[in-house]
Amino acid sequence: MSSSDDDVPLAIRGRPNGSSPKSKKASPKPKSPERITKAMEKRLDDEMDLDTAGDTGGIGITVTNTSTRPKRKSTKPAVKNESSDSDVPLTKRRKPNGTPLKSETDSDDDVPLASRRGAAAAKKPSPKAEKAEESDSDAPLLTSKLSPAAMKMLQKEKVEVEKKAAETAKAIRAEKNLPTGKRKLDVRKEEESDDDVPLAGRKKVAQKKAKTGKTTAKKVVKKASARAGKGKAGKGDGEEEEEEAGYAWWQEQTESDGKTKWTTLEHNGVMFPPPYQRLPRHVKMRYDGVPLTLPEAAEEVAGFFGAMLTSEHVKNKVFCDNFFGDFLEVLEESGGAQGPDGQDVDVTDFNKCDFTPMFEYFEAKREERNQLTVQQKKDLKAERDALEEPYLYCRLDGRKEKVGNFKVEPPGLFRGRGEHPKTGKLKKRVMPEQVTINIGEEAKVPAPPPGHKWKSVVHKQDVTWLAMWTENVNDNVKYVMLAATSSLKGQSDFKKFEKARELKGVVDIIRKDYERELRDKSMVVRQRATAMYLIDKLALRAGNAKGEEEADTVGCCSLKVSNITLRKPNLVTFDFLGKDSIRYYNEVAVDPQVFTNLRLFKARKDGADELFDRITTQSLNKHLTSYLKGLTAKVFRTYNASWTMQIELAKIPAGGSVHDKVAAYHLANKTVAVLCNHQRGVPANFAQNMQRAIDRVKGLRYQKLRLKRQIAYLDPKRVKKMPDYFKPDPEIQEDFDTWVVEHQKLLIEQEREKIHRKFEKDNEKQVSDGKPELKEKELNERLKALKEMEKEFEKENKTGKVEPKTRSCSIEKIEEQIKKMDEKIKKAEMENHVKDENKTIALGTSKLNYIDPRLTVMFCNKHNVPLDKFFPKTMRDKFKWAIESADETFEF
DNA sequence: AATATCACTTAGAATTCTATAG
DNA sequence: CTATAGAATTCTAAGTGATATT
């Protein structure tokens with residue numbers, strides 16, 4: 001059983017000397033020397049800074065010694081019983097957020113599909129980590145998991161990809177009549193001037209014009225016909241449609257100064273959550289077995305926890321402590337708890353609290369809601385929709401635009417990810433008095449709820465938010481902004497991808513520069529070059545400094561010494577918690593100079609010290625800006641993701657079914673997701689579902705065998721002629737005789753249920769038709785079929801033959817059926833395999849944020865695949881600009 | 001220069017909807 | 001038709017990076 005679970009609940013880390021809540025950690029003096037000498041590099045070899053453990057061949061993992069583990073590791077939970085976690089079903093295991101050592105690895109795995117790579121899988125540190133390791137062969141990573149030969153292939157491929165990138169860059173510059181020289185000054189100037197074109201490159205405009213002309217024309221036709229068809233549907237009809245169609249900003253060439261986001265803005269403010277409704281009197285939490293009567297405010301907070309009893313959060317000590325602390329505070333403020341006789345009860349011990357009555361009440365409520373008829377549900381929904389209606393849209397510069405999160409976040413318990421020190425704290429109800437409204441000067445200010453007023457009303461035209469408040473747990477600002485489908489968001493999305501495409505034009509120079517600077521004498525330069533290398537090759541995030549009161553996670557610039565392990569000759573193991581406390585685990589063969597540098601940066605530091613102690617994200621970004629205005633570390637992620645996608649998509653051959661194309665696209669998508677380390681938790685009952693799916697396929701194989709056995713029945717000579725053909729598929733051969741009996745029982749059982757259900761239904765019908773109920777006799781009559789089945793199975797098991805049900809059944813027809821069955825089996829098996837492979841990989845994030853949507857449009861056009869195979873409704877809305885401006889010729 | 005503030009994008013989990021296998 | 005699995009959507013936390021402040 002995974003011991004990684006044990007890492008979840010940790011004691012709250014005390015914050016020394018009441019530093020200001022938001023202060024970022026004070027950067028200590030750099031420990032690394034300012035200049036690097038040859039001697040220092042030489043000396044590295046004499047120092048014991050490398051892990052010498054392990055034979056070279058192995059993926060054997062070096063266990064970092066305890067002193068270099070992050071603090072987080074060494075802080076052991078005060079109370080922790082090992083056994084409690086082992087009760088958690090496999091499938092509910094939490095992802096390993098705790099940077100477990102390899103040795104803590106779960107040896108038992110989530111029921112794997114047959115094809116699991118043996119040794120490698122067994123050694124994996126955790127399911128999460130596995131993903132990182134299992135990087136697809138196409139991922140631009142040099143993963144040491146692979147055989148030396150495969151590694152070489154990979155390396156070669158990576159080189160190819162970069163070569164291609166360099167060629168592209170040169171081509172771009174050549175097109176601009178620029179020298180292809182190294183002097184970046186020239187390039188920089190050009191890029192900068194180019195950047196003044198706010199949207200697409202000027203050259204593209206003409207091309208786009210032509211394209212969009214087409215679509216516009218089409219639309220006009222459609223609209224006209226729609227109007228004609230509707231006839232007298234309404235006079236404002238045409239106008240309405242114009243409204244809904246939205247603003248095709250990508251067809252305009254208007255330049256904005258990039259500062260002003262709007263000139264007029266009207267909206268209806270925000271929607272507050274409904275007020276708290278008290279629980280029925282009989283629903284009470286218990287304290288030491290005694291039902292408590294709580295004041296309204298305290299009851300609400302208790303309910304927040306009570307509703308979560310099945311969540312993983314309640315197993316987290318920090319979460320419980322934080323909740324309980326805040327609960328007690330509210331309880332005291334609101335007057336305290338009473339027992340059944342009205343006596344005061346002093347609540348002090350979390351462990352004496354029992355929230356199950358509340359939990360059960362909420363569950364019952366939910367079930368009740370579930371039981372409503374379809375119509376009732378519809379009515380309820382309509383009611384809700386009517387309430388939301390006023391907030392759905394705003395009017396920005398006269399245009400109707402969709403608003404995103406117009407609902408004020410309801411109170412609840414803060415669900416911080418990973419080891420967030422504040423997780424579980426009470427998120428208080430937001431009052432109108434805390435909300436600032438941003439709206440046009442001319443516009444009518446939305447009325448605050450009766451008896452309340454807004455904190456303030458502002459008219460900031462340089463921002464896009466409509467309303468704002470500060471949340472109480474982390475003092476973070478929450479904004480109400482437009483939806484992703486809005487033109488404002490669309491434009492900035494477009495700009496993001498255009499910036500990444502601009503990077504194409506300079507990326508080769510940047511790469512040459514940092515490769516050279518890997519050997520620079522200056523520590524600052526060398527650290528910067530090394531960080532650039534990691535950001536570029538591994539798509540690491542920038543890694544801004546973080547505060548004391550946040551989860552302890554890192555990105556590139558904030559990597560700690562303990563996050564990397566080095567093994568000669570040039571293997572680096574990255575193991576750290578990144579954004580959202582998602583583990584990044586990767587073993588990579590790096591450029592030898594990078595390896596040397598990392599050794600140098602680690603030298604004479606503690607595990608908790610910063611690896612890159614002389615650079616910051618700001619200094620790194622400042623440097624990047626000198627190549628290209630607006631170039632920052634995050635652009636590399638976008639660039640590498642989209643570029644990788646383009647390369648992967650280009651590999652997909654023409655021809656084949658739509659199904660094949662879809663699968664191939666998803667595979668390309670997966671490559672990108674792995675590159676970006678996008679992971680997801682395995683759904684609670686994944687293993688169970690998987691097993692069911694596998695059993696279903698086995699069942700199909702048996703059905704296939706039965707078809708063959710029909711042939712055996714019709715033409716017994718064949719069995720002699722080709723005995724192998726009549727054997728069960730190899731996949732079910734093992735213990736077939738035992739299995740098949742079990743399976744047959746199951747089939748009979750299923751049939752029995754079916755008959756029962758049918759009987760009951762028929763009975764209901766009889767009753768509603770005013771006829772007498774069916775007799776028990778009738779049921780028994782029907783159940784006789786089961787006996788028949790049983791007999792047939794017995795006979796089949798003896799003879800290996802099945803009598804066809806229908807007379808007119810030719811061998812040819814049966815063979816046809818077998819073929820169909822084979823296809824069905826193959827498809828189901830493929831799907832199961834993919835499902836298992838992707839169980840921990842989140843494809844959505846890269847599709848939504850990193851892969852230029854025009855690539856998907858290009859792919860669909862080129863291969864004639866409907867776009868909705870990849871973009872669901874909301875994405876099609878969000879990427880409307882891409883859908884209407886790209887065709888099969890688009891190149892990132 | 002450090003750091004605080006602000007605005008915005010990116011992210012996985014949780015919830016709701018829906019398609020389809022049974 | 002209905003239960004369920006998976007897809008889609010919603011929610012809000014957690015990043016990045018620009019700019020203001022000290």
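Just so it is clear: chains get the letters A, B, ... in the order the sequence lines come, proteins before strands, and each one is counted from 1. In this text, all values refer to a predicted model and were calculated from it rather than measured experimentally.
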So, using ring-ring contact (aromatic ring centres under 6.0 Å, His included) as the criterion, who are the partners of [X] when residues are at least two apart?
X: A/Trp262; value: none
X: A/Tyr702; value: A/His743
X: A/Phe871; value: A/Phe879
X: A/Phe574; value: none

Just checking [X]: base, sugar-phosphate only, or nothing, at a heavy-atom cut-off of under 4.0 Å?
X: A/Gly578; value: sugar-phosphate
X: A/Lys622; value: nothing
X: A/Lys381; value: sugar-phosphate
X: A/Gly555; value: nothing

Mind calculating the distance between [atom1] ([X]) and [atom2] ([N]) to the nearest angstrom?
X: A/Phe686; N: C/dA5; atom1: CZ; atom2: C1'; value: 12 Å
X: A/Trp465; N: B/dT9; atom1: CH2; atom2: C1'; value: 18 Å
X: A/Gln691; N: C/dA5; atom1: CD; atom2: P; value: 14 Å
X: A/Arg415; N: C/dA14; atom1: CZ; atom2: P; value: 12 Å
X: A/Asn685; N: C/dG6; atom1: CG; atom2: P; value: 10 Å
X: A/Leu413; N: B/dA13; atom1: CG; atom2: C1'; value: 16 Å
X: A/Leu482; N: B/dC8; atom1: CG; atom2: P; value: 10 Å
X: A/Phe494; N: B/dT9; atom1: CZ; atom2: P; value: 15 Å

Assign each of A/Gly416 and A/Lys634 to its nearest nucleotide of DNA chain C by heavy atoms, then name whichever residue's nucleotide is nearer the 5' end.
-> A/Gly416
May I ask you to verify if any side-chain N or O of [X] is less than 4.0 angstrom from the OP1 or OP2 atom of [N]?
X: A/Thr617; N: C/dT16; answer: no
X: A/His420; N: C/dA13; answer: no
X: A/Thr845; N: B/dG12; answer: yes
X: A/Lys496; N: B/dT10; answer: yes
X: A/Asn849; N: B/dT9; answer: no
X: A/Tyr479; N: B/dT9; answer: no
X: A/Thr464; N: B/dA7; answer: no
X: A/Asn544; N: C/dG15; answer: no
X: A/Ser581; N: C/dA14; answer: no
X: A/Lys579; N: B/dT9; answer: no
X: A/Ser311; N: B/dA14; answer: no

Nearest nucleotide by nearest heavy atom, which residue falls closer to the 5' end of DNA chain B, A/Met468 or A/Gln618?
-> A/Gln618
Which residue lies toward the 5' end of DNA chain B, A/Val463 or A/Arg637, if each is placed at its nearest nucleotide?
-> A/Val463
Could A/Glu610 and A/Lys560 be called an ion pair, given the rule that one side-chain N must be under 4.0 Å from one carboxylate O?
-> no
Polar atom pairs between nucleotides 9-12 of chain C and protein, under 3.5 Å, N or O only, would you list them?
residue, atom, partner, partner atom, Å
C/dT9, OP2, A/Thr874, N, 3.4
C/dT9, OP2, A/Thr874, OG1, 2.3
C/dC11, OP1, A/Lys407, NZ, 3.3

Any donor and acceptor pair, going by atom type alone, linking the side chain of A/Ser642 with main-chain N or O of A/Asp852 inside 3.5 Å?
-> yes
Of all the nucleotides listed (B/dA7, C/dG15, B/dG12), which has the minimum atom distance to the side chain of A/Thr553?
-> C/dG15
Protein-nucleic acid N or O pairs under 3.5 Å, nucleotides 19-22 of chain B:
residue, atom, partner, partner atom, Å
B/dG22, OP1, A/Arg696, NE, 3.3

Do A/Tyr850 and A/His678 have their ring centres less than 6.0 Å from each other?
-> yes
N/O donor-acceptor pair, side chain A/Lys489 with base B/dT9, under 3.5 angstrom = no
All side chain to side chain donor-acceptor pair (under 3.5 Å) counterparts of [X], not counting sequence neighbours:
X: A/Thr617; result: A/Asn544
X: A/Asn370; result: none
X: A/Lys407; result: A/Glu388

Measure up the A/Phe494 and A/Trp881 rings against each other and bin them: parallel (under 30°), tilted (30 to 60°), perpendicular (over 60°).
-> perpendicular
Step-by-step salt bridge (charged side-chain N to carboxylate O under 4.0 Å, His left out) determination, A/Lys427 to A/Glu471 = CA-CA 7 Å; A/Lys427 222 172 84 165; A/Glu471 148 269 358; over 6 Å; no
